[in-house]
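Everything on this sheet refers to the single structure shown next.
Counting convention: from 1, in listed order, for ligands and their atoms alike. Below, each value reflects all heavy atoms present in this structure, side chains not excepted, and no hydrogens, waters or symmetry copies.
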Amino acid sequence: MSKVHVMDHPLIQHKLTLIRDKNTGVKEFREMVNELALLMTYEVTRDLPLEETEIETPICTTRSKVLSGKKLGVVPILRAGLGMVDGVTKLIPAAKVGHIGLYRDPETLEPVEYYCKLPADIAERELIVTDPMLATGGSASAAIRFLKQRGAKHIRLMCLIAAPEGIARVQRDHGDVDIYVAAVDERLNDHGYIVPGLGDAGDRLFGTK
Ligand code: PRP
Ligand code: URA
């Protein structure tokens, strides 16, 4: 069973409250989503392996730690996941960025992939899938399934707000994928929106609606 990491750092909780507020405008919302992604990346990458290397300080030769060459990738789920990419790549500038786009078929309600462009070597990369909202979990579960079909082996999911239903869905479908969130909210409403949530993340990020 995958682990759920809820990040209760005061800075994360403070910024999350600001973006939940319906009076927060597009500019501030966008900036804070990226700041949250940056802060969360610090925790998402906490267990990356290290190795020792020899360096010379101005004083002497010493052994010190560096990341042990694990290659990273960020895969935003279009479109709202895009709002978190700059925050992640600020901390991991060498990360490659893939994109995956899904829409829900109105007849079958099944997620359909409409766009996918990934780094060629995703099988060797530690992938961080980003999406601000994990509601029913249908989008995240399908995106992870599509990534695995293309060879991805190491995937972490980073969301700002999750509903218990979405967490359960991803855990059921992808027991190997750890989930990192800033908050687990109460429930979904009849329209599949997270309560209390923050509304439609894509619309608030891009100023549509
Ligand atoms: C939102 C959100 C997730 C999805 C979550 O995207 O960014 O991708 O809904 O819902 P789920 O867990 O029930 O699948 P949306 O489909 O509104 O598209 P958008 O990013 O283009 O706004
Ligand atoms: N997608 C959103 O953008 N917000 C929700 O609350 C649920 C799905």
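For the atom pair CG of Leu160 and NZ of Lys15, the computed distance is 12.5 Å after rounding to the nearest 0.5 Å.
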Polar pairs, ligand 1 vs protein, N/O only, below 3.5 Å.
residue  : atom   : partner : partner atom : Å
ligand 1 : 7 (O)  : Asp131  : OD1          : 2.8
ligand 1 : 8 (O)  : Asp131  : OD2          : 2.4
ligand 1 : 12 (O) : Ala135  : N            : 2.9
ligand 1 : 12 (O) : Thr136  : N            : 3.1
ligand 1 : 12 (O) : Gly137  : N            : 2.8
ligand 1 : 13 (O) : Thr136  : N            : 2.9
ligand 1 : 13 (O) : Thr136  : OG1          : 2.5
ligand 1 : 14 (O) : Arg104  : NH2          : 3.4
ligand 1 : 14 (O) : Ser139  : N            : 2.9
ligand 1 : 14 (O) : Ser139  : OG           : 2.5
ligand 1 : 20 (O) : Arg79   : N            : 3.0
ligand 1 : 20 (O) : Ala80   : N            : 3.0
ligand 1 : 21 (O) : Arg79   : N            : 3.4
ligand 1 : 21 (O) : Arg79   : NE           : 3.0
ligand 1 : 22 (O) : Arg79   : NE           : 3.2
ligand 1 : 22 (O) : Arg79   : NH2          : 3.2

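Looking only at distances, a side-chain donor or acceptor of Arg30 sits under 3.5 Å from a matching main-chain atom of Leu205. A side-chain donor-acceptor contact under 3.5 Å links His9 to the backbone of Leu11.
Closest protein heavy atom to atom 6 (O) of ligand 2: Ile194 N, 2.8 Å. Protein heavy atom at the shortest distance from atom 5 (C) of ligand 2 is Tyr193 CD2, 3.4 Å.
Lys3 is listed as a side-chain neighbour of His5, based on a closest heavy-atom distance under 4.5 Å.
Each of Lys153, His154, Lys148 was scored for a side chain to side chain donor-acceptor pair (under 3.5 Å) with Asp176, with one residue passing: Lys148. Each of Glu51, Glu56, Glu52 was compared with Arg63 under the salt bridge (Lys or Arg N to Asp or Glu O under 4.0 Å) criterion, and only Glu52 meets it.
Nearest-heavy-atom check against atom 8 (C) of ligand 2 across Gly138, Ala135, Pro132 picks out Ala135. For atom 4 (N) of ligand 2, the candidate residues are Gly197, Ala201, Gly199; the nearest heavy-atom contact is made by Gly199.
Lys209 has no carboxylate O lying under 4.0 Å from a charged side-chain N of Asp200, or vice versa, which leaves the two without a salt bridge. Between Arg169 and Glu165 no salt bridge is recorded (no basic side-chain N to carboxylate O distance below 4.0 Å).
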